[in-house]
Enquirer: 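Just dropping this structure here.
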Amino acid sequence: MHGLLRALGLPVVPVVILVAGFALVFYSPALPRSLAGFSIYSPHIMFVLGIALAVGYGRGRAVFALLILATAYASRQWWLHEGIDGFHARAVYAALTIFVPLDLALLSVVPERGVLNRHGALRFGVFLAQIAFTAWVFVAGPTDLVDFVYQKVLDPSPFSAGRLPQIAMLAIALGFLVAVIAAFVSRSHLNASFAGAIAAFAVAAHVPNAYVSFASFIAAAELMVAIAVLQDTFRMAFRDELTGIPSRRALNEQLAALGNHYAIAMLDVDHFKQFNDTYGHDLGDQVLKMVAAHIARVGGGGRAFRYGGEEFTVVFPGKDADDAIPYLEAVRVSIESYRMALRGADRPARTRRAKRQRGGWRRRRGVSVTVSIGVAERNGRLDRPQEVIEAADRALYRAKEKGRNRLSR
Ligand code: GH3
Ligand code: MG
Ligand code: MG
């Protein structure tokens with residue numbers, strides 16, 4: 001549920017900015033004179049803002065996206081301000097409308113690797129190669145190549161109207177789709193902003209002659225990227241990298257915000273050191289992700305956090321321990337009965353130790369783990385969240401003593 005909500009949150013900022021862009025450009029009266037400069041300078045302002053954030057937080061992919069959008073804007077200013085009828089303008093327009101969406105889509109699928117290193121140099125090389133190719137077309141004037149790009153393959157009206165080359169329409173549609181998928185797969189706001197930037201660029205490209213509209217939609221695309229840098233950074237600070245659930249930092253804020261009626265549970269994976277020794281650290285990580293996903297689905301208004309290592313915390317605001325126990329039991333049972341498939345390289349050698357463990361967490365077809373749970377609630381004796389956590393930890397210790405895979409309070 002939380003995962004779904006988080007996924008639905010991805011497109012919010014790009015959509016709001018796009019809608020605001022339409023409202024500003026097409027429906028509002030002209031800006032007051034004192035603000036007239038804003039529409040002209042907005043791409044520059046958003047570019048500087050975005051670059052400052054992207055460089056400040058070391059987001060190389062955002063730096064490149066902003067560079068591409070700024071190049072598109074500059075190219076329009078230099079070569080398209082008088083329309084797209086001459087050979088040179090046609091060549092630049094085709095190059096922009098094909099390269100920009102494909103580049104943004106490409107950025108959405110490559111990993112973050114910074115700028116000032118050989119990966120950044122390679123990426124910058126790809127960018128320069130596109131400029132060099134366009135410059136060559138510009139100078140050498142291969143009319144047939146440009147005509148080829150503009151030829152119309154499909155003729156129903158939406159594809160024959162307008163000035164976008166059909167190859168560019170394809171690049172925009174494909175690029176948008178790739179970036180959207182990348183955003184949902186990686187849960188990355190930056191990728192969602194790339195999809196939004198492709199959409200905004202498509203609107204701008206549709207009106208290359210309309211200066212204010214073009215500038216506004218390029219600025220909108222840059223603003224999406226800038227905000228996404230902040231959103232992803234916030235997410236990194238408050239979410240655990242491995243499991244994707246809220247981190248210790250988020251727990252501390254939650255604890256500070258609690259009233260005086262709540263329960264807290266501590267969960268710890270049983271014999272996890274042995275599990276790592278037998279199956280390796282990588283499969284151990286897979287198991288932690290699985291366990292975290294089960295804990296995050298806890299009902300009863302419980303909020304799950306990774307406390308650290310193989311320990312998790314669930315906070316139940318406004319609940320007694322008695323209220324929380326059935327939900328925690330459900331989590332324990334769901335983890336106990338989950339079988340994780342062993343695939344390919346993950347499959348361990350048939351070591352003596354693995355054999356010895358048969359019937360433990362190693363069952364037929366796949367592996368499984370169990371968790372022990374300690375729960376405590378706030379009361380007269382346990383007044384502060386830290387004390388309740390310590391009591392839950394002592395209860396957890398008792399659950400381990402009694403044989404593990406159980407809940408204690
Ligand atoms: P117990 O049933 O008493 O909890 O035994 P245990 O082995 O789980 O307890 P212990 O706290 O000694 O071991 C915790 C182990 O968890 C140590 C470490 O190898 C493993 N661990 C902690 N964090 C990670 C992680 O991020 N990934 C992996 N793969 N293992 C981790
Ligand atoms: Mg532990
Ligand atoms: Mg443990």
Side-chain angles (χ1 to χ4, degrees), residues 10 13-14 16-18 20-21 24 35 37-79 95-96 99-132 134 175 179 182-183 186 188-205 211-237:
L10 286 171
V13 167
V16 166
I17 293 177
L18 260 188
L24 208 70
L35 287 178
F38 187 74
S39 56
I40 300 169
Y41 293 113
S42 57
H44 305 293
I45 297 169
M46 296 311 170
F47 177 73
V48 171
L49 170 74
I51 286 287
L53 289 170
V55 170
Y57 291 124
R59 303 292 86 192
R61 297 187 308 141
V63 170
F64 280 111
L66 290 161
L67 205 59
I68 287 162
L69 290 166
T71 306
Y73 180 66
S75 306
R76 187 253 165 227
Q77 293 305 84
W78 286 324
W79 291 297
L96 281 184
F99 286 142
V100 171
L102 292 184
D103 284 349
L104 291 173
L106 202 61
L107 283 173
S108 76
V109 295
V110 297
E112 179 57 57
R113 292 228 156 111
V115 180
L116 299 178
N117 54 45
R118 73 192 162 86
H119 303 287
L122 181 68
R123 288 171 191 189
F124 199 69
V126 172
F127 174 69
L128 287 185
Q130 294 170 357
I131 292 180
T134 310
S186 63
S188 145
H189 287 284
L190 193 58
N191 288 344
S193 83
F194 292 165
I198 291 173
F201 173 77
V203 178
Y211 173 54
V212 171
S213 302
F214 193 94
S216 302
F217 280 96
I218 292 293
E222 291 170 340
L223 180 60
M224 290 175 199
V225 174
I227 292 178
V229 168
L230 290 179
Q231 289 175 298
D232 278 346
T233 307
F234 182 88
R235 192 189 127 101
M236 275 188 250

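The first residue of the sequence shown is numbered 1, and numbering continues consecutively from there.
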Enquirer: For residues 114-123, tabulate all N or O donor-acceptor pairs below 3.5 Å that involve a side-chain atom, not counting sequence neighbours.
Expert:
{"from": "Asn117", "atom 1": "OD1", "to": "His119", "atom 2": "N", "distance (Å)": "2.9"}
{"from": "Asn117", "atom 1": "OD1", "to": "Gly120", "atom 2": "N", "distance (Å)": "2.8"}
{"from": "Asn117", "atom 1": "ND2", "to": "Arg113", "atom 2": "O", "distance (Å)": "2.6"}
{"from": "Arg123", "atom 1": "NH1", "to": "Pro111", "atom 2": "O", "distance (Å)": "3.1"}
{"from": "Arg123", "atom 1": "NH2", "to": "Pro111", "atom 2": "O", "distance (Å)": "3.0"}

Enquirer: Any idea which heavy atoms bring Leu10 and Ala192 closest together, and the distance?
Expert: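 Looking at all heavy atoms of both residues, the shortest contact is O-CB, 3.6 Å.
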Enquirer: List the atom pairs, with distances to 0.1 Å, where a side-chain N or O of residues 50-64 and a protein N or O form a donor-acceptor pair under 3.5 Å, not counting sequence neighbours.
Expert:
{"from": "Arg59", "atom 1": "NE", "to": "Tyr57", "atom 2": "O", "distance (Å)": "3.1"}
{"from": "Arg61", "atom 1": "NH1", "to": "Leu107", "atom 2": "O", "distance (Å)": "2.8"}
{"from": "Arg61", "atom 1": "NH1", "to": "Asn191", "atom 2": "OD1", "distance (Å)": "2.9"}

Enquirer: Between atom CD of Gln130 and atom CG of Leu128, what is the distance when rounded to the nearest 0.5 Å?
Expert: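 Taking CD in Gln130 and CG in Leu128, the distance rounds to 9.5 Å.
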Enquirer: Rounded to the nearest 0.5 Å, how far apart are CD1 of Ile218 and CG of Leu66?
Expert: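 Going from the CD1 atom of Ile218 to the CG atom of Leu66 covers 11.0 Å.
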Enquirer: When rounded to the nearest 0.5 angstrom, what is the spacing between OG in Ser193 and CG in Leu104?
Expert: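 Output value for this atom pair is 8.5 Å.
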Enquirer: Sequence neighbours excluded, which residues qualify as side-chain contact (heavy atoms from CB on, under 4.5 Å) partners of Val212?
Expert: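 Counting only residues at least two positions away or on another chain, Val212 forms a side-chain contact (heavy atoms from CB on, under 4.5 Å) with Ser39, Ser216.
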Enquirer: Sorted by first residue and then second, give each salt bridge (charged side-chain N to carboxylate O under 4.0 Å, His left out) pair with at least one member in residues 212-230; sequence neighbours left out.
Expert: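 Counting only pairs at least two positions apart or across chains, no salt bridge (charged side-chain N to carboxylate O under 4.0 Å, His left out) contact touches residues 212-230.
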Enquirer: Could you report the tightest heavy-atom contact between Ser42 and Ala219, atom names first, then the distance?
Expert: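 Where Ser42 meets Ala219 most closely, the heavy atoms are OG-CB, 3.6 Å.
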Enquirer: Run the side-chain contact (heavy atoms from CB on, under 4.5 Å) test against Phe234 and tell me which residues pass, sequence neighbours left out.
Expert: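 Result, side-chain contact (heavy atoms from CB on, under 4.5 Å) vs Phe234: Phe238.
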Enquirer: Going by side-chain contact (heavy atoms from CB on, under 4.5 Å), name the residues that satisfy it together with Thr71, two or more places apart in sequence or in a different chain.
Expert: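 Partners of Thr71 by the side-chain contact (heavy atoms from CB on, under 4.5 Å) criterion, ordered by chain and then number, come out as Ser75, Phe127, Ile131.
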Enquirer: On a heavy-atom basis, which atom in Phe217 and which in Gly21 lie closest, and how many Å separate them?
Expert: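 Here Phe217 and Gly21 meet closest at CZ-C, 3.8 Å.
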Enquirer: Tell me, which pairs form a salt bridge (charged side-chain N to carboxylate O under 4.0 Å, His left out) where one or both residues lie in residues 196-205, sequence neighbours left out?
Expert: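 Counting only pairs at least two positions apart or across chains, no salt bridge (charged side-chain N to carboxylate O under 4.0 Å, His left out) contact touches residues 196-205.
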Enquirer: Would you list the atom pairs, donor with acceptor, under 3.5 Å between side chains in residues 194-204 and any protein atom, with sequence neighbours excluded?
Expert:
none

Enquirer: With sequence neighbours excluded, give me every salt bridge (charged side-chain N to carboxylate O under 4.0 Å, His left out) pair touching residues 44-53.
Expert: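 Pairs touching residues 44-53 that pass the test: none.
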Enquirer: Does Gln231 have any side-chain contact (heavy atoms from CB on, under 4.5 Å) partners at least two apart in sequence or in another chain, and if so, which?
Expert: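 Once residues adjacent in sequence are excluded, the partners of Gln231 under the side-chain contact (heavy atoms from CB on, under 4.5 Å) criterion are Val13, His189, Ile227, Ala228.
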Enquirer: Enter the distance from Ile68:CD1 to Asp103:CG here, rounded to the nearest 0.5 Å.
Expert: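 If I round to the nearest 0.5 Å, the distance is 4.0 Å.
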